[in-house]
Amino acid sequence: MELGKLKVIKSEDYSAAKLLKNYHVFYYLLLGASEEERTEFKLLPPEEYSYLKQENFKIEDEEDLRHDFERLQQAMQMVGFLPATKKQIFTVLSAILYLGNVMYRRKSSGRDEGLDVGPPEVLATLSDLLKVKEELLVEALTKRKTVTVNDKLILPYSHSEAITARDSMAKSLYGALFDWIVLRINHALLNKKDMEESVPCLSIGVLDIFGFEDFETNSFEQFCINYANEQLQYYFNNHIFNLEQDEYQSEGITWHNIDYTDNVGCIHLISKKPTGLLYLLDEESNFPHATDKTLLAKFKQQHQGNKYFIPTPVMEPAFVIQHFAGKVKYHIKDFREKNTDHMRPDIVALLRSSDRAFVRQLIGMDPVAMFRWGILRATIRGLAAFNEAGRSWGAKTAGVIRPASRTPLGELQRPNAPIERMYKRASMLDFYFDHSEERPLEAFEDIFASYENKKEMHSEIISSIKNLQLDGEDPRKLLQSWGRLRFPRHVLQKHKSVKQKQAIPKSLLDSHSLKFIVSLTLHDRTTKSLLHLHKKKKPPSISAQFQNSLTKLLATLNKAEPFFIRCIRSNAEKKEMHLDEALVLQQLHYTGMLETVRIRRSGYPAKYTFQEFIEQFRVLLPKNSSASEEDIAELLKKKMGLNPTTYQIGKTKVFLKELERQQLQDTLHKEVMRKIIFLQRWFRARLQRNEFIEMRRAAILIQASWRRYCREEQRAATLIQAAWRGHRQRSEYHRQRHGATKIQALVRGHSARR
């Protein structure tokens, strides 16, 4: 992230010409803040800030900037920034802008050396925003303290030195705020699995680097930016040209190297020890009597015969470097001053004396220590709030009017104030430093044991906490991060009438993960090098910091698998539907795109190891094919019929032209589709046969059931017929027998009568 913000900007370079569309957040804040926020942050119109002034100042896209400010706040909320934290950030940004409005003039008295600083309203506002004493602020902006062996000297700044100190304070505050935000975001997004040594950390990084710069007046800023572009262009050349051509040679394929613009000579001119321009600059920066002229003379003396260094006429304070993108003239003015632009110890001491905890946190050396102190401080404030609530409630129930608070809030916010003095009347201080886990809970329960109505008790506690000015921090949330206290649930439970607030992400409440992320990103923190004033060793120069950050970036890139996206500007005026052919051709030339196209056309963009080729194109190969050169050659030559000039088979890899790769992919696609269609046809046939078998089985079952039903019906009919015939026969038999019996009876009777 260091390369995304070159913190070597001098006072006159802080103008809107440099800030406009680069430091977007200032314009988001000034045009997007509500009236309440404008009053709270003491914001002015953009044209009233010296850092944002320029000729013909006009902002046309105000509505877009307001919308971007809303998006910014939403993004900050998504990564865990509480509303109070956002207010602290915007307060610091407002203070940075007000620093630009601090003006100096020489004192009217001829005998009294020194400067008058003003205007008074700006100093008062700045003092209020940073929560520092106004007299200390004035002293830090106008005088410097020098410690000798026997004495401490206080010397007034000259006019130029005072402006440098003022702008150094603004730049360092902005850089420290930037580092803190990046660290906070990295901490919030950290996956705890990445902290395990057995699990590799997988990530996707996007590097949006600034472009090559060549203005009418180029200074130290453009020198550093163009040096970074030289290094990235070398990385691009090495990745695209050198590595690829070396791979062709190592594989033993037929290849003719392509000539391209190699910029390693320009990189050596700038950064090679011991005569590189950056090292010569550091040497001259350490000499107290050196000047920009002596620096330029040393440049010309050391690199007189270098084809990348083009000296200018003797009287012109400039030099020319032949970059990969063309010649650039740099003016030597203020090179030394910008290279040693550090925050003065007086200003660091001033900011560390701030009553605003957030400012002290920005200036703090160790984020983990500041994190732990923040938890400790918020915990003490929470305990004091609960204790005060208990005393207030006890006084209220007893009918005694007692003061709302016994401890000045300034005392609560001072990290160096003795805790015993702040809380000598607080009964909970005795157990706070005791490491047992039972006593805090018991003491807390004892404090609130006298409450009969928990609802009223809870309302009183919430009210007491709200009335305490805790520098934007909410002890109810920060108390959750301190594992030693286990408060009763009814104490920490929110009142139903209190609106639910955004919760702190759990990842931000873990000092172990914070320590891990700090160890990974320590080299990128400007605060590390700008503010370690307690060390005797002189802090590194701006160029040394820049080189270190660039080296870390290149080391990260070398471990990654890069994909390059080149953005080409159609015209310099940002006009729609307008193409400046000369500008486009120039960009294609100095970005190496023409050589890239040539090597892509003459080279082999597609390359596979034998195993990768077999795995990807196994469908086109015979069954049980091995990862051998013969099987691959048979496929490419006989089956595909490719021209031997469009592919080559090396020792371990297969190289293909892009057209042939696409042809191979098309053939693979067709073959896969053919087999897919075959499988679909077979599968459909299988489904149809299964359906037919099921239908036939069902038909046979129905037929068998029907036949069985028919047989049963016939059997029933036969049975009925048999029963009916038997009944008829029996009836006829009985009738005939009855008739016969009757006849017999008549005959016997007749015979008897005779």
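Side chains are part of it too, since the values below use all heavy atoms of this structure and drop only hydrogens, waters and symmetry mates. Residue indices begin at 1 and follow the sequence shown.
Sparse packing is recorded around CD of E36, with 12 or fewer heavy atoms of other residues, nucleotides or ligands lying under 6.0 Å away. Within a 6.0 Å radius of CZ in R566, other residues, nucleotides and ligands contribute more than 12 heavy atoms.
Residues D128 and K42 are in side-chain contact: their nearest non-hydrogen atoms beyond the backbone lie under 4.5 Å apart. The side-chain heavy atoms of L43 and E37, taken from C-beta on, include no pair separated by under 4.5 Å. Counting heavy atoms from C-beta outward, S570 and M577 have side chains that stay 4.5 Å or more apart. Residues S543 and F220 meet the side-chain proximity criterion, which asks for heavy atoms closer than 4.5 Å.
The closest donor-acceptor contact from the side chain of Y49 to the backbone of L44 lies under 3.5 Å. Checked by atom type and distance alone, the side chain of D68 never pairs as donor or acceptor with a backbone atom of Y27 at under 3.5 Å.
Remark: of the listed residues F26, F69, Y28, F69 is the sole one forming a ring-ring contact (aromatic ring centres under 6.0 Å, His included) with F90. A side chain to side chain contact (heavy atoms under 4.5 Å, CB included) with L350 is found for exactly one of L141, L130, L136, namely L136.
Side chain to side chain, S219 and K333 fail the donor-acceptor criterion of an N or O pair below 3.5 Å. No hydrogens or angles considered: a donor-acceptor pair under 3.5 Å links the side chains of Q88 and R356.
Taking the six-membered ring where the residue is Trp, H159 and Y104 present perpendicular rings, their angle passing 60° and hence far from 30°. Below 30°, between 30° and 60°, or above 60°: for Y330 and F223 the angle between ring planes is above 60°, a perpendicular geometry.
Judged by the 6.0 Å and 45° rule, R184 forms a cation-pi pair with F81.
Using a cut-off of 4.0 Å between Lys/Arg side-chain N and Asp/Glu carboxylate O, R66 and E62 are scored as salt-bridged.
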